[in-house]
Amino acid sequence: MYVEEVISRLKELYPNGYFHVNRDPFYLLISTVLSQRTRDDVTIPTTQKLFSVFPTVEEMAEADVDEIQELIRNVGFYRVKAQRIIDISRIILQDYGGIVPDTMNELLKLPGVGRKTANCVLGYGFEQDVIAVDTHVHRISNRMGLVDTSDPDETEKELEKVVPRDEWKNINGLMVLFGQNVCRPVGPKCDECIMDDICPKMI
DNA sequence: AAAACGGGGGC
DNA sequence: GCCCCAGTTTT
């Protein structure tokens with residue numbers, strides 16, 4: 001089947017997947033918020049720097065917003081993100097006893113958390129069967145004919161119909177790597193792509 | 001449905 | 001110097 005062949009080749013290309021990410025739900029939550037609309041090669045060092053100063057939910061919740069702003073000044077939307085990081089930390093501390101909630105419904109109540117961010121936390125942090133649809137997953141799924149829609153939420157639903165359930169949580173990491181290195185938003189490297197014999201764009 | 005938030009990196 | 005980027009909220 002086409003989709004299973006695509007996943008098989010992606011796994012062969014990126015056998016280590018996303019092993020480098022910290023799987024702690026709170027770390028994942030904050031790092032994912034920081035990475036919204038900002039390249040992860042920029043946000044990863046910034047996230048490490050932020051957590052070296054404020055390692056816990058408690059310390060993050062009591063941090064001064066100006067100090068957080070200064071620490072994350074190099075990432076996009078840093079002012080609003082700094083405020084959201086504090087607000088998220090305070091809510092998790094006060095309403096959830098310092099434990100990141102493990103349901104979509106509760107995660108969506110947090111400021112700056114939408115379906116994509118929530119699914120990253122649920123998938124990477126809590127090992128749940130979810131598909132986190134970001135711009136890479138959305139673009140590649142449409143380019144390769146796995147889905148056909150301009151709505152990322154529709155892409156998530158359509159992918160759930162065609163991707164085997166035990167691969168759901170792997171889709172995001174594989175397609176992000178593939179999307180950054182090969183099937184890029186602009187100027188995809190189709191001439192050196194391992195999908196060249198099955199991708200609809202190439203046939 | 002469209003605007004707004006935004007500094008960094010590739011070219 | 002110009003264009004785009006691991007989205008979400010507000011208008």
Side-chain angles (χ1 to χ4, degrees), chain A residues 10 13-14 16-51 65-89 91-92 100-101 104-126 128 130-143 147 149-157 159 168-189 192:
Chain A
L10 286 174
L13 188 58
Y14 306 113
N16 294 326
Y18 244 28
F19 74 98
H20 66 278
V21 302
N22 186 328
R23 300 301 181 105
D24 174 72
F26 183 67
Y27 191 97
L28 263 170
L29 176 55
I30 300 303
S31 69
T32 306
V33 168
L34 277 170
S35 73
Q36 290 166 358
R37 296 298 292 175
T38 307
R39 302 169 57 97
D40 64 342
D41 55 348
V42 173
T43 60
I44 286 174
T46 304
T47 305
Q48 293 171 340
K49 186 174 60 172
L50 175 64
F51 271 87
V65 67
D66 292 330
E67 191 172 356
I68 301 238
Q69 274 194 21
E70 196 53 38
L71 283 167
I72 68 171
R73 178 174 281 285
N74 64 315
V75 311
F77 308 117
Y78 71 95
R79 292 183 187 87
V80 61
K81 284 174 181 174
Q83 188 60 59
R84 284 173 179 167
I85 286 170
I86 293 198
D87 292 342
I88 287 171
S89 302
I91 292 172
I92 289 178
V100 177
M104 171 65 71
N105 208 25
E106 297 303 311
L107 286 169
L108 287 180
K109 294 178 182 174
L110 301 172
V113 177
R115 283 196 74 82
K116 185 268 174 184
T117 300
N119 274 334
C120 280
V121 173
L122 295 173
Y124 289 120
F126 294 110
Q128 293 183 20
V130 294
I131 304 178
V133 176
D134 57 38
T135 53
H136 291 297
V137 176
H138 185 56
R139 177 186 69 258
I140 292 169
S141 297
N142 277 279
R143 270 187 189 165
V147 305
T149 171
S150 61
D151 179 2
D153 288 346
E154 282 298 315
T155 291
E156 184 183 339
K157 292 181 191 171
L159 283 176
W168 287 8
K169 71 171 72 70
N170 300 323
I171 292 293
N172 178 270
L174 291 171
M175 285 196 180
V176 166
L177 290 171
F178 188 56
Q180 290 173 333
N181 297 301
V182 183
C183 198
R184 303 180 297 190
V186 180
K189 300 183 187 175
E192 54 184 80

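Quick note on labels: first sequence line is chain A, next is B, and so on, each numbered from 1.
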Visitor: By the definition side chain to side chain contact (heavy atoms under 4.5 Å, CB included), identify the one residue from Leu71(A), Thr38(A), Ile72(A) that meets it with Thr46(A).
Guide: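 With Thr46(A) as partner, Leu71(A), Thr38(A), Ile72(A) yield a single side chain to side chain contact (heavy atoms under 4.5 Å, CB included), made by Ile72(A).
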Visitor: For Arg39(A) and dG6(B), what is the distance between atoms CZ and C1' respectively, to the nearest whole Å?
Guide: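 Atom-to-atom, Arg39(A) to dG6(B), this comes out as 15 Å.
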Visitor: Which value, in whole Å, describes the distance between the P atoms of nucleotides dT8(C) and dG9(B)?
Guide: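 About 23 Å, rounded to a whole number of Å.
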Visitor: With C1' as the reference atom in both, quote the distance from dA1(B) to dA6(C) in angstrom, rounded to an integer.
Guide: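 24 Å, rounded to whole Å.
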Visitor: Counting Watson-Crick and G-U wobble pairs whose two distances are both under 3.5 Å, find the runs of 3 or more in a row that involve DNA chain B.
Guide: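 Looking at DNA chain B, the stems formed by three or more consecutive pairs are B:1-5 with C:7-11, B:7-11 with C:1-5.
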Visitor: Can you see which heavy atom on Asp153(A) is nearest to which on Arg115(A), and at what distance?
Guide: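 Shortest heavy-atom separation between Asp153(A) and Arg115(A) comes out as OD1-CD, 3.4 Å.
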Visitor: If each of Asp41(A) and Arg37(A) is mapped to the nucleotide of DNA chain B with the nearest heavy atom, which maps nearer the 5' terminus, i.e. the 5' end?
Guide: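 Its nucleotide being nearer the 5' end, the pick is Arg37(A).
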Visitor: Calculate, to the nearest 0.5 Å, the distance between atoms CD and CE belonging to Gln128(A) and Met104(A) respectively.
Guide: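 Interatomic distance, Gln128(A) CD to Met104(A) CE, rounded to 0.5 Å: 9.0 Å.
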Visitor: Are side-chain N/O atoms of Asp41(A) and Gln180(A) paired as donor and acceptor at under 3.5 Å?
Guide: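 On atom types as modelled, these side chains do not qualify, holding no pair under 3.5 Å.
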Visitor: When all nucleic acid strands are considered with a 4.0 Å heavy-atom cut-off, which category describes Val80(A): base, sugar-phosphate, or nothing?
Guide: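 Sugar-phosphate contact only - Val80(A) comes under 4.0 Å of backbone atoms but never of a base.
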Visitor: Could you tell me how far dG6(B) sits from dC2(C) if I compare only their C1' atoms? Round to whole Å.
Guide: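 To the nearest whole Å, 15 Å.
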Visitor: What contact category does Asn172(A) fall into here, base, sugar-phosphate, or nothing, at under 4.0 angstrom with non-hydrogen atoms?
Guide: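 Base, at least one base atom sits under 4.0 Å.
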Visitor: Is any side-chain N or O of Thr38(A) under 3.5 Å from a base N or O of dG6(B), one able to act as donor and the other as acceptor?
Guide: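 Check passes, donor-acceptor contact within cut-off.
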Visitor: Compare the minimum distances between each of dA6(C), dG8(B), dG6(B) and the side chain of Val42(A), then state the nucleotide with the smallest one.
Guide: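 Nearest nucleotide to the side chain: dG8(B).
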Visitor: Assess whether side chain to side chain contact (heavy atoms under 4.5 Å, CB included) is satisfied between Phe126(A) and Val121(A), documenting all intermediate values.
Guide: CA-CA 7 Å; Phe126(A) 294 110; Val121(A) 173; 3.8 Å; yes
Visitor: How many Å lie between CD1 on Ile140(A) and P on dA6(C), as a whole number?
Guide: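 Distance check: Ile140(A) CD1 to dA6(C) P gives 10 Å.
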Visitor: Measure across Glu154(A) and Thr149(A) and return the closest heavy-atom pair with its distance rounded to 0.1 Å.
Guide: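 Minimum heavy-atom contact is CB-OG1, 3.3 Å.
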Visitor: How close do Arg23(A) and Leu28(A) get, heavy atom to heavy atom, and via which atoms?
Guide: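 For Arg23(A) and Leu28(A), the tightest heavy-atom pair comes out as O-CD1, 3.7 Å.
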Visitor: Between Ile72(A) (CD1) and dG8(B) (C1'), how many Å, whole number?
Guide: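 Whole-Å distance recorded here is 14 Å.
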Visitor: Please tell me which of the listed nucleotides, dC11(B), dG7(B), dG7(C), lies nearest to the side chain of Arg184(A)?
Guide: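 Closest of the options to the side chain of Arg184(A): dC11(B).
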Visitor: Would you call the rings of Phe51(A) and Tyr27(A) parallel, tilted or perpendicular, where under 30° means parallel and over 60° means perpendicular?
Guide: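 Taking Tyr27(A) first and then Phe51(A), their aromatic rings sit tilted (interplane angle of 30° to 60°).
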Visitor: Counting C-beta onward and ignoring hydrogens, is there a side-chain heavy-atom pair between Ile131(A) and Asn119(A) closer than 4.5 Å?
Guide: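 Answer no - side chains too far apart.
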Visitor: What is the distance, to the nearest angstrom, from the CE atom on Met175(A) to the C1' atom on dA6(C)?
Guide: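 It is 14 Å, rounded to the nearest whole Å.
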Visitor: If I take atom OH in residue Tyr14(A) and atom P in nucleotide dA6(C), what distance separates them, rounded to the nearest angstrom?
Guide: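 Taking OH of Tyr14(A) and P of dA6(C), I get 13 Å after rounding.
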Visitor: Categorize Thr135(A) for me: base, sugar-phosphate, or nothing, with a 4.0 angstrom heavy-atom threshold over every strand shown.
Guide: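 The answer is sugar-phosphate, as Thr135(A) gets under 4.0 Å only of primed atoms, P, OP1 or OP2.
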Visitor: Round to the nearest Å and state the distance from Lys81(A) atom NZ to dC5(C) atom P.
Guide: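 It works out to 14 Å between those atoms.
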Visitor: Polar atoms only, N or O, under 3.5 Å: list the protein pairs with nucleotides 8-11 of chain C and their distances.
Guide:
from   : atom 1 : to        : atom 2 : distance (Å)
dT8(C) : OP1    : Gly114(A) : N      : 2.8
dT8(C) : OP1    : Gly114(A) : O      : 3.3
dT8(C) : OP1    : Thr117(A) : N      : 3.0
dT8(C) : OP1    : Thr117(A) : OG1    : 2.9
dT9(C) : OP1    : Gly112(A) : N      : 3.0

Visitor: Can you measure Gln180(A) atom CD to dA6(C) atom P for me and round it to whole angstrom units?
Guide: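 The distance from CD of Gln180(A) to P of dA6(C) comes to 6 Å, rounded to the nearest Å.
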Visitor: Separation of Arg79(A) atom CZ from dA4(B) atom C1', in whole Å?
Guide: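 After rounding, the reported distance stands at 13 Å.
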Visitor: Write down the atom of Leu108(A), the atom of Gly114(A), and the distance for their closest heavy-atom approach.
Guide: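 Leu108(A) and Gly114(A) have their closest heavy atoms at CD2-C, 3.5 Å.
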